[in-house]
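By convention here, the first residue in the shown sequence is residue 1. What's counted below: heavy atoms across the whole structure, side chains too, no hydrogens, waters or symmetry copies.
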Amino acid sequence: MQETRLDTARIQAARKVIDPIFLDTPLYRCEALEPDLGCEVSIKLETANPVRSFKARGTELVASLLAGNGSRAAVCASAGNLGQALAWSGRRRGLDVTVVASRLAPAAKLDRIRALGARLELVDGDFDMARERAADIARRDGVRLVEDSLDIETCEGAATIGLELVDTEPSFDAVLIALGGGALATGVGHVLKALVPGVEVICVQPLGAPALTHSWRRGRVVTTDSTDTIADGVAGRCPIPEVLDDLLLVADDAVLVQEASIIAGMRMLLGHAGLVVEPSAALGVAAILEDRDRFAGRHVVTIVCGSNVDVDAYQRWVRR
């Protein structure tokens with residue numbers, strides 16, 4: 001395999017740095033889903049931790065490095081989950097954390113960021129505008145800017161999920177990974193291609209937020225003017241070039257799914273698996289629903305990546 005920015009030895013070492021509460025998340029075959037999906041389905045449940053998403057695997061690495069070199073402050077832009085994770089990891093290490101988010105982000109995520117002790121600044125606009133504001137704060141205050149997916153620690157933290165998949169479930173044929181900024185996809189993808197190259201790595205993004213998928217398909221960065229999806233956790237407009245370079249090396253495919261399929265996936269995960277998930281976490285199930293023939297007879301792992309969802313919005317979606 002051509003080299004990505006990631007390093008397998010560093011990923012293995014990351015297990016000793018990340019708080020064990022975020023490691024070894026449940027992985028199990030969910031037979032109740034299989035009649036409707038037409039394939040064997042295993043769930044990697046990344047919501048079973050204090051911040052209810054995979055993001056703290058990366059922020060644990062970032063925060064430990066910052067604390068180790070004497071840094072006392074960090075700022076990040078977040079759609080919600082990274083902010084919670086950095087606030088959690090920073091609080092444990094005495095870091096002053098500022099999170100910049102869109103005023104349109106789910107209230108539940110914003111409330112949780114505040115509850116974890118971070119300073120929260122809201123911007124009018126979307127996630128990419130929050131990225132610009134976070135960079136401004138970092139330059140103004142001289143503090144560490146934590147950039148999800150660009151900072152290698154966020155990718156290599158997420159990559160520990162790949163190690164756990166390889167260690168515990170070696171017989172799967174494909175892994176479906178939500179594609180947003182790219183940390184999860186490049187991290188897990190790197191490990192799978194390094195250790196079990198025959199496994200198909202399939203990235204899934206909403207049709208209403210297709211920038212990184214279009215970029216992967218064309219082999220160059222493609223931006224979009226706007227996004228239109230309920231999957232706020234993956235709704236970026238401006239892919240990071242370095243992340244795209246990594247993704248081109250580890251992803252076998254990148255697919256786009258419709259909003260109706262995302263909602264159907266959320267309903268199925270609730271009804272058949274008893275899981276309340278945010279839209280981004282249902283992208284894998286949505287991909288199977290839209291192309292059952294592709295997955296028929298195969299063993300597929302889907303990473304359920306987050307469950308920080310606004311209750312009122314969730315009820316509207318699943319009751320629709």
Do side-chain atoms of [X] reach the backbone of [Y] as a donor and acceptor pair under 3.5 angstrom?
X: D128; Y: R237; value: yes
X: D111; Y: R114; value: no
X: D7; Y: A9; value: yes
X: S71; Y: A73; value: no
X: D252; Y: V201; value: yes
X: S53; Y: C305; value: no
X: T186; Y: L247; value: no
X: R133; Y: A77; value: no
X: D148; Y: S78; value: no
X: D173; Y: H299; value: yes

Side-chain heavy atoms under 4.5 angstrom apart, residues restricted to Ile, Leu, Val, Met, Phe, Trp, Tyr: same cluster for [X] and [Y]?
X: L27; Y: I18; result: no
X: V300; Y: L269; result: yes
X: L283; Y: V309; result: yes
X: F54; Y: L61; result: no
X: L212; Y: V221; result: yes

So, taking the atom named [atom1] in [X] and the one named [atom2] in [Y], what distance separates them when rounded to the nearest 0.5 Å?
X: I43; Y: C30; atom1: CD1; atom2: SG; value: 4.0 Å
X: C155; Y: R10; atom1: SG; atom2: CZ; value: 10.5 Å
X: S171; Y: E40; atom1: OG; atom2: CD; value: 7.5 Å
X: D24; Y: T168; atom1: CG; atom2: OG1; value: 8.5 Å
X: L86; Y: L116; atom1: CG; atom2: CG; value: 10.5 Å
X: R112; Y: Q84; atom1: CZ; atom2: CD; value: 6.5 Å

Minimum side-chain heavy-atom gap [X]-[Y] below 4.5 Å:
X: T59; Y: F22; result: no
X: N81; Y: V51; result: no
X: Y314; Y: L270; result: yes
X: H214; Y: L256; result: yes
X: K193; Y: T4; result: no
X: I177; Y: I202; result: no

Flag if over 12 foreign heavy atoms under 6.0 Å of [atom1], [X]:
X: D228; atom1: CG; value: no
X: Q258; atom1: CD; value: no
X: R140; atom1: CZ; value: yes

Report the C-alpha separation of D232 and K109 in whole Å, then their side-chain angles, then the decisive distance to 0.1 Å, and conclude whether the side chain to side chain contact (heavy atoms under 4.5 Å, CB included) test is met.
CA-CA 11 Å; D232 59 283; K109 294 183 178 182; 2.8 Å; yes

Yes or no on side chain to side chain contact (heavy atoms under 4.5 Å, CB included) for V301 and S42, after CA distance, side-chain angles and deciding distance?
CA-CA 5 Å; V301 173; S42 288; 4.0 Å; yes

Between [X] and [Y], does any side-chain N to carboxylate O distance fall below 4.0 Å?
X: D245; Y: R5; answer: no
X: R29; Y: E34; answer: yes
X: E60; Y: R93; answer: yes

Do E259 and T229 have side-chain N/O donor and acceptor atoms under 3.5 Å apart?
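Short answer, yes.
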
Establish, from distance only, whether the side-chain atoms of T160 and R57 form a donor-acceptor pair under 3.5 Å.
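Yes, a side-chain donor-acceptor pair sits under 3.5 Å.
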
Out of R144, R91, R119, which one pairs with D96 under the salt bridge (Lys or Arg N to Asp or Glu O under 4.0 Å) rule?
R119

Could you go through the salt bridge (charged side-chain N to carboxylate O under 4.0 Å, His left out) check for R294 and D253 one step at a time?
CA-CA 12 Å; R294 175 177 185 171; D253 200 2; 2.7 Å; yes

For a side chain to side chain contact (heavy atoms under 4.5 Å, CB included) check, start with the C-alpha distance between K44 and V175, then their side-chain angles and the critical distance, and finish with the verdict.
CA-CA 10 Å; K44 179 63 168 165; V175 177; over 6 Å; no

Determine, step by step, whether F295 and L176 satisfy the side chain to side chain contact (heavy atoms under 4.5 Å, CB included) criterion, reporting the C-alpha distance in whole Å, the side-chain angles of both residues, the deciding distance to 0.1 Å, and the verdict.
CA-CA 11 Å; F295 299 103; L176 293 161; 4.0 Å; yes

